[in-house]
**Q** 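Following this message is one structure expressed as structure tokens.
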Number of protein chains: 2
Amino acid sequence: MKAKVHVTLKPGVLDPQGKAVSHALQSLGFEGVQEVRQGKYIELDLDETDPAKAREAVERMCRELLANTVIENFTVDLEG
Amino acid sequence: MKAKVHVTLKPGVLDPQGKAVSHALQSLGFEGVQEVRQGKYIELDLDETDPAKAREAVERMCRELLANTVIENFTVDLEG
């Protein structure tokens, strides 16, 4: 079973990486870009085949390692 | 209009960051994780309201800045 995890900064948390991308896009001549926010995308291949157990395990991984829940939100999508 | 961009390493390209996450998960006692691949997730707020034009612009941004197309694939999803 495959898990797709998105880790994004909470609204209001400053995103210097996104700001840098935004400025770089402007320098390259791209106009009309209002805001850029950058997050992480993680794909995990799991042995677990039960969706409920897989989700619980991946959410624990997010809380313990993948995301900093003080400043970041995460979402988990399961596939197959 | 909002664009959601995923940038992922092409299959076969070594992913040291993913490997590090995989080892860290094992050290924390998480078992049954076969493979971890880490990519980038970028959200862009665009002034453009025409989906075709927005997609074209964002794909150009990916090729010119957001992704290294030698080793990375990208996907663009548009919203609202």
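Residue numbers start from 1 in every chain, and the chains themselves are labelled A, B, ... in the order their sequence lines are given, proteins ahead of strands.
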**Q** Among Leu66(A), Val58(A), Val33(A), which residue has the highest count of heavy-atom pairs closer than 4.5 Å to chain B?
**A**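 Max contact count across the listed options: Val33(A).
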
**Q** Should Val70(A) and Leu9(A) be counted in the same cluster of Ile, Leu, Val, Met, Phe, Trp and Tyr side chains packed under 4.5 Å apart?
**A**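 In one cluster: yes.
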
**Q** Does Leu28(A) share a hydrophobic cluster with Val7(B), counting links as ILVMFWY side-chain heavy atoms below 4.5 Å and allowing steps through other members?
**A**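 Both belong to a single hydrophobic cluster.
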
**Q** Quick one: donor-acceptor pairs under 3.5 angstrom, chain A versus chain B?
**A**
| from | atom 1 | to | atom 2 | distance (Å) |
| --- | --- | --- | --- | --- |
| His6(A) | NE2 | His6(B) | NE2 | 2.5 |
| Gly32(A) | O | Asp47(B) | N | 2.8 |
| Gln34(A) | N | Asp45(B) | O | 2.6 |
| Gln34(A) | NE2 | Asp47(B) | OD1 | 2.9 |
| Gln34(A) | NE2 | Asp47(B) | OD2 | 3.1 |
| Glu35(A) | O | Asp45(B) | N | 2.8 |
| Arg37(A) | N | Glu43(B) | O | 2.9 |
| Arg37(A) | O | Glu43(B) | N | 2.8 |
| Gly39(A) | N | Tyr41(B) | O | 2.6 |
| Gly39(A) | O | Tyr41(B) | N | 3.1 |
| Tyr41(A) | N | Gly39(B) | O | 3.1 |
| Tyr41(A) | O | Gly39(B) | N | 2.6 |
| Glu43(A) | N | Arg37(B) | O | 2.8 |
| Glu43(A) | O | Arg37(B) | N | 2.9 |
| Asp45(A) | N | Glu35(B) | O | 2.8 |
| Asp45(A) | O | Gln34(B) | N | 2.6 |
| Asp47(A) | N | Gly32(B) | O | 2.8 |
| Asp47(A) | OD1 | Gln34(B) | NE2 | 2.9 |
| Asp47(A) | OD2 | Gln34(B) | NE2 | 3.1 |

**Q** Minimum heavy-atom separation for Leu65(A) to Val21(B), with atom names?
**A**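 Shortest heavy-atom contact: CD2-O, 4.0 Å.
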
**Q** Could you give all pairs that pass the ring-ring contact (aromatic ring centres under 6.0 Å, His included) test and reach residues 48-80 of chain A, with sequence neighbours left out?
**A**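 Qualifying pairs: none.
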
